[in-house]
There are 2 protein chains.
Amino acid sequence: MPKMPKSSEPDRQTRILDAAESAIAESGFAGASLRDIVQEAQVNLATVYYYFGSKVGLMEAVLKRRFGPLRQEHLAMLGKFEAAARGRPLPVEQILEAMLLPPLRLAAKAPAKRQAVTRLIGRIVTEPNPQIQKVLTGQRAEVRAAFLRALQHSLPKASLPALLWRVEFVWGALAFALCNPGKIEIETHGACDLTKTDEVLAEMIHFFSPGFRALARNAG
Amino acid sequence: MPKMPKSSEPDRQTRILDAAESAIAESGFAGASLRDIVQEAQVNLATVYYYFGSKVGLMEAVLKRRFGPLRQEHLAMLGKFEAAARGRPLPVEQILEAMLLPPLRLAAKAPAKRQAVTRLIGRIVTEPNPQIQKVLTGQRAEVRAAFLRALQHSLPKASLPALLWRVEFVWGALAFALCNPGKIEIETHGACDLTKTDEVLAEMIHFFSPGFRALARNAG
DNA sequence: GTCTATAAGGAGATAGAC
DNA sequence: GTCTATCTCCTTATAGAC
């Protein structure tokens, strides 16, 4: 049975992953240095190599820790809705909720970690490095395919490119909102608050669903 | 009269800016190294310091070269539509066109530079470094304010937060689509092609305008 | 598992010759 | 304006003691 320290700090691997997440958020994957990371995590430099093998290994572990569970939540939520619908098409509002709510919940975490988690999303989205991308493209494709299937079922008259573009646009709006934590709040003088998950979710669903429903009428 | 070499390569400053743009696209602001940049630009390391003073100075120059003109195009296009409307509210489709077309045009540049330019947009969007952000926040605020005014004029019943969120969502969808050049094309097996500016513009306008128009009816 | 010590090279920046 | 040479510090990574 692994140790569970009664109080204070998490174990070394977790501290390293947390620190790495912060460093990536601040400086990107290439700019994040192991020395900054081990200082913040209060571990020795060699500890990183013992647990993660290399810098790339650590980066991959950082991504897997967050995005593995996220993928599962996406598929689980969509599956729950589909099971309840018993083969009938889902309303686009439900499909959007299954797309948006898991990442919004992830972003509503404890304030100390919130900025690191959300900015990590932004760093990934814009990272062309193949070694980093490879960790995520597989599961991204799986999640996108699931949502695309649901949308095609609900909007049979819509063309495939129209749906593909719209899925990209929704991901983009979400990623952009998430990866600028604090900035949107400041620039809108508090009118927009990303931590109010329910409000943001409602706003996004109200904004996007008419654009999807328009595809039900004409061939899009 | 400054030299204009008859053929071949642009001048040193331009070569450095181009190379820096590529390096930022690949590795981010922190990860881009001057040594990689000068090698690609085929200039001596000291040349960077002669023309740009420091790494930060070079980064700022890279941003200003692209985003100064972009801001002007945004305001010019919106102003043109508003002049033609003579005080009457603009259709949301026109406001969206003025938001979307200038960046889409920028992204449709010569193939060699296209990826660097579009990924630069992504890198900026996700960069929390204050020194980098400071270069852009001012003009971003000006452009956003202009579009917000136009939207409030066209949709007087809409609440301010509803409009602010929607503007963020549109920017996000655009930035996300732009900063993944090539990836969307591949993942959709060619169904989505970012270089077809007119198609992408039409797709985005069709997707977003119903969500704005919905605000004309109810208080959003 | 955790540490010290160190290798081997890359980083930004500058002085000074031409 | 352009270049060489160099300073100083930081980088990833590893060998080996405990």
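Note on naming: letters A, B, ... go to the chains in the order of the sequence lines (proteins, then strands), and numbering restarts at 1 for each one. Predicted model, so just to flag it, every value in this text is computed and none were measured.
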E127(B)/R123(A) salt bridge by N-O under 4.0 Å criterion: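 Yes, charged N to carboxylate O under 4.0 Å.
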Sub-6.0 Å ring centroid separation between F208(B) and F207(A): yes
Can you tell me the distance, in whole Å, between the [atom1] atom of [X] and the [atom2] atom of [N]?
| X | N | atom1 | atom2 | result |
| --- | --- | --- | --- | --- |
| I37(B) | dG10(C) | CD1 | P | 16 Å |
| R15(A) | dG1(C) | CZ | P | 14 Å |
| I16(A) | dG1(C) | CD1 | C1' | 12 Å |
| Y51(B) | dC3(D) | OH | P | 10 Å |
| D11(A) | dT2(C) | CG | C1' | 15 Å |
| L45(A) | dA7(C) | CG | C1' | 13 Å |
| L34(B) | dG12(C) | CG | P | 4 Å |
| F52(B) | dG1(D) | CZ | C1' | 14 Å |

Under-4.0 Å side-chain N/O to phosphate OP1/OP2 contact, T47(A) with dC3(C):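 Checking T47(A) against dC3(C): at least one side-chain N or O falls below 4.0 Å of OP1 or OP2.
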Any S33(B) side-chain N or O less than 4.0 Å from OP1/OP2 of dG10(C): no
Flag side-chain contact, heavy atom, 4.5 Å: D193(A) against V200(A):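 No, too far: nothing below the 4.5 Å cut-off.
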pair H153(B)-L90(B): side-chain heavy atoms closer than 4.5 Å: no
Donor-acceptor contact present, side-chain Q131(B) to main-chain V56(B), <3.5 Å: no
Base dG1(D) paired with R12(B) side chain (donor-acceptor, <3.5 Å):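 Absent.
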Measure from the side chain of [X], starting at C-beta and using heavy atoms only, and say which of [options] lies closest.
| X | options | result |
| --- | --- | --- |
| Y49(A) | dA11(C), dA13(C), dT14(D) | dT14(D) |
| Y50(B) | dT4(D), dT2(D), dT6(D) | dT2(D) |
| D36(B) | dT4(D), dA13(D), dA11(C) | dA11(C) |

Residue whose nearest DNA chain D nucleotide is more 5′ - Q13(B) or R35(B): Q13(B)
Sugar-phosphate only, base, or nothing, as touched by A32(B) at under 4.0 Å among non-hydrogen atoms: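 Sugar-phosphate contact only - A32(B) comes under 4.0 Å of backbone atoms but never of a base.
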